[in-house]
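Dropping a structure here in structure tokens format, bear with me for questions.
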Amino acid sequence: MKHKTNYIIAIEYKEYDNDYPNDFVTQLINREICSVKNNKIKFKVTGFIIYKNTFIIIFPKNYNVPREEKDLLKHAQVLFQVLLKYKQESNLNVEEMELLGGEDGQYKESYYTSYLIISDFIENGPLKKEIRIESLSYSGRIDWSATINKKQPIFSEGSVIYNNTVSKKNMIDHHHLLLQIYRYCVNKSIEKYGWLFDLSLENVEEFLELPCDINYGIHFLTKELNSTFVDREMKVVKILRDFLSGIEFDRFEKIEIMVTPYFHNVWEVICSFNFKNQYKGLRSLIPKTKWEIESSAKVQSQRPDIIFIKEKTIYILDAKYYDIDTNLPGWSDIVKQFFYGFTIFRNINAKMHQRIKQLETVENSFLFPSGDPDPIKYVGRVSIEENMDLGYIKAYKINTFLAMQCYLGKERFDFINQMISKS
């Protein structure tokens, strides 16, 4: 049984005809996920919206969406996994965490609970619940205690002989309610979300009916949780309970979301990874602002997105989530980047740090997401007229799909050396 996925494709901040039901659109507008004007809808987020078993997949700005379905689903899988990794590794505020599906244990029969079920299934295989069977017909390990208590021995020439022994054997209890609930949850998760893991039900034992009432199942899992001390089993039981609780909770909820209106933060994380950000090791070189005022307010320091040293050059990069065909960084972004370069390089020269005293130049760059086939492409530069002593800020397009794959460890590419070779 292969699940057919229903999906609609969109790109963040592009306009589309608004053919969606009014109640659906109203809910999205109330959560600031989209805007509507002149019957045109514009999604203000990147990610996934699930409505009545249809996935609305919203790719980042300036994304080149594949035409072939197989390739398209692969791109969607990568985006899904990027958002999951970003969610798990970043310190998110409550709003963004909720938009990305909430935290563990929030009783949602959702993509995230299903992701946990599927991930455990892929990593560890099906859950097993063993029972010990005693029988005369097994040739396994002899249970001498049971044999002595239950069987009559034969005494022969001073020896004790048992013609019939009781053997014991551990077997999988396929009829255990926990395993039935587990198989149901695995099946429902793969049926709905398995395509995001390139996984179908073809090689999974079908079990599409819940073997008990939902409330009874939740009660049973709570009792089971209190009686098991096996780490994996405890973890799985908690997830299954969340899954069933979510079914009950979501009966009146029609929309499920995994989106972020802050993909600029995701883009910064992706670029920071791919350009091997050395900020933590170099932040002592970044000059601090010095206030002379009576105040206990926290002073905000300079914080370039990405900084690293290569040979005799210090590189200061700014990951800009812009579609440069329609929008370019403004005055504040440009001046800030020039100021980073000027103050950091001057501070290094003044202190003459031993390990980097041979530095000769500073190079500023903007990194923009792109659907172009080139992994990285130099597209231009910006300067301030009559101030050429500040130099230039170079602009590069980065292939978003490749950058996301590298962030996930699915591909490898040397963005740094490719950027330097194109300078």
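Positions are given from 1 along the sequence.
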Exercise. Within a radius of less than 6.0 Å around OH of Tyr279, do more than 12 heavy atoms belonging to other residues, nucleotides or ligands occur?
Worked result: yes

Exercise. Going by atom types only, do Tyr321 and Glu12 share a side-chain donor-acceptor pair under 3.5 Å?
Worked result: yes

Exercise. Going by distance alone, is a donor N or O of one side chain under 3.5 Å from an acceptor N or O of the other, for Gln81 and Tyr115?
Worked result: no

Exercise. Any donor and acceptor pair, going by atom type alone, linking the side chain of Asp305 with main-chain N or O of Ala319 inside 3.5 Å?
Worked result: yes

Exercise. Is a donor on one side and an acceptor on the other found under 3.5 Å between the side chain of Asp374 and the backbone of Lys377?
Worked result: no

Exercise. If you measure from the Lys or Arg side-chain nitrogens to the Asp or Glu carboxylate oxygens, is any gap between Glu68 and Lys74 under 4.0 Å?
Worked result: no

Exercise. Would Asp333 and Lys320 pass as an ion pair if we require N to O under 4.0 Å?
Worked result: yes

Problem set entry | Test side chain to side chain contact (heavy atoms under 4.5 Å, CB included) applied to Gln88 and Tyr112, step by step | CA-CA 11 Å; Gln88 292 167 344; Tyr112 189 61; 3.8 Å; yes

Problem set entry | Taking every non-hydrogen atom, the tightest pair across Leu244 and Cys185 | CD2-SG, 4.1 Å

Exercise. Is atom CZ of Phe342 surrounded by more than 12 heavy atoms (other residues, nucleotides or ligands) closer than 6.0 Å?
Worked result: no

For this session: Might you work through the side chain to side chain contact (heavy atoms under 4.5 Å, CB included) test for Tyr182 and Val186, ending with a clear yes or no?
Result: CA-CA 6 Å; Tyr182 172 78; Val186 169; 3.6 Å; yes

Exercise. Under 3.5 Å, is there a donor-acceptor pair between the side chain of Gln180 and the main chain of Cys212?
Worked result: no

Exercise. Okay, side chain of Asp120, backbone of Leu116: is any donor-acceptor separation there less than 3.5 Å?
Worked result: no

Exercise. Okay, side chain of Asn62, backbone of Pro369: is any donor-acceptor separation there less than 3.5 Å?
Worked result: yes

Exercise. Looking only at atom types and distance, does a side-chain atom of Trp267 sit under 3.5 Å from a main-chain N or O of Leu367, one as donor and one as acceptor?
Worked result: yes

Exercise. Would a distance-only check, ignoring hydrogens and angles, find a side-chain to backbone donor-acceptor pair under 3.5 Å from Ser421 to Gln418?
Worked result: yes

For this session: Could you tell me whether a side-chain N or O of Thr228 sits under 3.5 Å from a main-chain N or O of Glu224, the two making a donor and an acceptor?
Result: no

Exercise. Please walk me through it: do Ile316 and Phe308 pass side chain to side chain contact (heavy atoms under 4.5 Å, CB included)?
Worked result: CA-CA 7 Å; Ile316 304 172; Phe308 65 89; over 6 Å; no

Exercise. So, for Pro375 and Phe413, which heavy atoms are closest and what is the spacing to 0.1 Å?
Worked result: CB-CZ, 3.4 Å

For this session: Drop me the distance from Ile117's CD1 to Ile122's CD1, to the nearest 0.5 angstrom.
Result: 12.0 Å

Exercise. Between Tyr16 and Ile11, what is the shortest heavy-atom contact and its length?
Worked result: OH-N, 2.8 Å

Exercise. Looking at Tyr407, does the NZ or CZ of Lys85 lie under 6.0 angstrom from its six-membered ring centre and within 45 degrees of the ring axis?
Worked result: yes

Problem set entry | Arg412 atom CZ, over 12 foreign heavy atoms within 6.0 Å | no

Seminar exercise, completed: For Met419 and Ser365 the tightest heavy-atom approach is SD-OG, 4.5 Å

For this session: Tell me yes or no: between the side chains of Tyr63 and His75, is some donor less than 3.5 Å from an acceptor?
Result: yes

For this session: Compare every heavy atom of Ile416 with every heavy atom of Asn274, then report the nearest pair and how far apart it is.
Result: O-CG1, 4.5 Å

For this session: Evaluate the criterion side chain to side chain donor-acceptor pair (under 3.5 Å) for residue pair Glu69 and Tyr7; output intermediate values, then yes/no.
Result: CA-CA 11 Å; Glu69 182 176 39; Tyr7 56 82; 3.1 Å; yes

For this session: Mark yes or no: Lys61 above the aromatic ring of Tyr13, with NZ or CZ under 6.0 Å from the six-membered ring centre and no more than 45 degrees from the axis.
Result: yes

Exercise. Can any side-chain N or O of Asn277 pair as donor or acceptor with the backbone N or O of Phe273 at less than 3.5 Å?
Worked result: no

Exercise. Can you name the closest pair of heavy atoms from Arg241 and Ile218 and give their distance?
Worked result: CG-CG2, 4.1 Å

Exercise. Could Glu363 and Lys394 be called an ion pair, given the rule that one side-chain N must be under 4.0 Å from one carboxylate O?
Worked result: yes

Problem set entry | Asn327 side-chain N/O to Tyr322 backbone N/O, donor-acceptor pair under 3.5 Å | no

Solution key, residues 33-40 side-chain donor-acceptor pairs under 3.5 Å, sequence neighbours excluded:
residue : atom : partner : partner atom : Å
Lys40   : NZ   : Asp17   : OD1          : 2.5

For this session: Tell me yes or no: between the side chains of Asn6 and Thr54, is some donor less than 3.5 Å from an acceptor?
Result: no

Exercise. Does one side chain, of Tyr86 or Glu96, offer a donor that lies under 3.5 Å from an acceptor on the other?
Worked result: yes

For this session: Taking atom NZ of Lys238 as the centre, report whether more than 12 heavy atoms of other residues, nucleotides or ligands fall under 6.0 Å from it.
Result: no

